[in-house]
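What follows is a short report on a single structure.
The structure presented is a predicted model; accordingly, all values stated were derived computationally and were not measured.
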Amino acid sequence: MASNTLVSRPGSDVRKAGRRRAQRPADLGRQRTLISPAQLGRTRGKAVYWIVFALVILVFTVAFLGPLYWMVTGGLKATQEVVQSPPTAFPSSIHTENYSRAWTVMDLSKLLFNTLYYAFGALAFQLVFDVAAAYSLSKLRPVFGKVILGMMLATLMIPATVLVVPQYLTVLDVPIFQRNLLNSPWVIWLPSVTNAFNIFLLKRFFDSIPRELLDAAAIDGASPLRTLRSVVLPISRPILGVVSIFAVVGVWKDFLWPMLTLPDPSKQTLNVGIYSLASGVPENVLIAALTIASIPTLLIFLLFQRNIMSGLTAGGLKG
């Protein structure tokens, strides 16, 4: 009897340990949640959960949409109402003529055309050179390709303001060509081409393209350039859309570089032009001009937000 008891104990201990291990993941899963399922199933737990959820949503909505609301309503107020303290939450009287006045007085049509011209020119150069650089680093694999990519990514650690002075001296007297690029579109287009972040996004997407597709194109006699044009680019539309949005928005919101390199008022961008004319117009007209200037980027985000997310995550998984 004693021997049987001694023999049976290890087996029972093993079974108990197995049951404890089987129960441990469920216990850990319940411990990770902020509110346990049992508490959430109660009436009081549901009420607390929805109250906290509504408060969080309200705080973030006010933080993000509050400045936008103030800007839109500020353009509809009279001059005295804009500058009064404390400010009013709603306009006492709506003045829609502030927007038409801002459009004509500040010549926003000219500034808008200049900004679009610079933005889409920078987009064209980025699509040509950044796609070629990313494709060569991903599929052609040149000598020291990883070193070159590492040096490109290292430039992301450098603040943009540190590069303003050397870039300005470069465009002031371009080496070899000995030309001054100030007040020309090239002063916006050329610095925007060297975008290490866009090259990294494109290379990451190109890495996810199966090698078999490129090998099949090579067997059919396609050159690397023909493979890029006929095989790679058609299936890279999501990431090309993301890079295009980043290129346009990057030029649209830039202020310091256009202010330094485009002193001619007839060639300035939207942000620089509004800043130059800000001292000569009332505050409500200035706010209306800022509202008009922010509409295109908001529309781009609202229309292409799904493309942005799909493009950023398209190269994350390899099938």
Side-chain angles (χ1 to χ4, degrees), residues 102-134 152 155-156 158-175 177 179-202 239-278 286 288-304 307-308 311:
W103 183 269
T104 56
V105 171
M106 307 191 76
D107 199 9
L108 294 183
S109 58
K110 179 64 175 179
L111 298 176
L112 183 62
F113 173 79
N114 292 341
T115 308
L116 291 173
Y117 180 60
Y118 297 142
F120 284 99
L123 170 61
F125 279 101
Q126 285 196 29
L127 289 180
V128 173
F129 291 99
D130 290 359
V131 168
M152 287 183 179
T155 60
L156 297 176
I158 304 175
T161 53
V162 176
L163 302 176
V164 170
V165 174
Q167 285 183 352
Y168 183 81
L169 296 176
T170 301
V171 300
L172 193 63
D173 186 10
V174 180
F177 298 99
R179 292 194 59 183
N180 188 346
L181 299 181
L182 297 182
N183 283 322
S184 68
W186 297 100
V187 79
I188 302 295
W189 294 341
L190 293 182
S192 64
V193 172
T194 56
N195 194 313
F197 182 71
N198 287 345
I199 293 176
F200 173 72
L201 288 180
L202 290 167
I239 194 62
L240 292 178
V242 172
V243 171
S244 301
I245 293 171
F246 285 171
V248 173
V249 174
V251 175
W252 196 281
K253 67 183 182 64
D254 196 8
F255 174 76
L256 179 60
W257 183 249
M259 184 181 65
L260 294 175
T261 57
L262 298 171
D264 188 357
S266 62
K267 298 180 180 180
Q268 290 177 345
T269 60
L270 195 60
N271 294 334
V272 178
I274 292 177
Y275 173 78
S276 302
L277 301 173
L286 176 61
L290 294 175
T291 304
I292 296 174
S294 62
I295 289 176
T297 52
L298 291 175
L299 292 178
I300 289 176
F301 173 75
L302 294 176
L303 293 176
F304 300 103
N307 301 77
I308 295 174

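With rounding to the nearest 0.5 angstrom, the CD1 atom of I274 is 10.5 Å from the CZ atom of F255. In this structure, Y118 OH and L270 CG are separated by 12.0 Å, a value rounded to the nearest 0.5 Å. Atom CG in L163 sits 9.5 Å away from atom CH2 in W257 (nearest 0.5 Å). Between the CE atom of M152 and the CG atom of N195 there is a distance of 10.5 Å, given to the nearest 0.5 Å. Note: T261 OG1 to L172 CG = 11.0 Å, rounded to the nearest 0.5 Å. Here the straight-line distance linking atom CD of Q126 with atom CD1 of I199 works out to 8.5 Å at 0.5 Å rounding.
Between L190 and L181, the closest side-chain pair of non-hydrogen atoms falls below 4.5 Å. L262 places a side-chain heavy atom less than 4.5 Å from the side chain of I188.
Of all the heavy atoms in M106 and A289, the pair that sits closest is SD-CB, 3.4 Å. Of all non-hydrogen atoms in T170 and P175, the two that sit nearest each other are CG2-CD, 4.0 Å. Scanning all heavy atoms of the two residues, the minimum distance from A196 to T155 falls at CB-OG1, 3.7 Å. Contact between V251 and A122 at its shortest, heavy atoms only, is CG2-CB, 3.7 Å. In this structure, L202 and L240 approach most closely via the heavy-atom pair CD2-CD2, 4.0 Å.
Classified by interplanar angle (parallel below 30°, tilted 30° to 60°, perpendicular above 60°), the ring pair F197/F246 is tilted. Ring-plane geometry between F113 and Y117 is classed as parallel, the angle between the planes falling under 30 degrees on a 0 to 90 degree scale with a further cut at 60.
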Side chains of residues 291-304: which donor-acceptor pairs under 3.5 Å do they make with residues two or more places apart or in other chains?
{"from": "T291", "atom 1": "OG1", "to": "M71", "atom 2": "O", "distance (Å)": "3.2"}
{"from": "T291", "atom 1": "OG1", "to": "I287", "atom 2": "O", "distance (Å)": "2.9"}
{"from": "S294", "atom 1": "OG", "to": "L290", "atom 2": "O", "distance (Å)": "3.4"}
{"from": "S294", "atom 1": "OG", "to": "T291", "atom 2": "O", "distance (Å)": "2.9"}
{"from": "T297", "atom 1": "OG1", "to": "S294", "atom 2": "O", "distance (Å)": "3.0"}

*Carefully, step by step, assess T269 and N271 under the rule side-chain hydrogen bond (donor to acceptor under 3.5 Å, both in side chains).*
CA-CA 6 Å; T269 60; N271 294 334; 5.6 Å; no
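Ring centers of F125 and W186: under 6.0 Å apart, within the cut-off.
Exactly one of V165, V187, L182, V164 qualifies for a side chain to side chain contact (heavy atoms under 4.5 Å, CB included) with L260. That residue is V164.
Formation of a donor-acceptor pair under 3.5 Å by the D264 side chain with backbone atoms of N183 is not found in this model.
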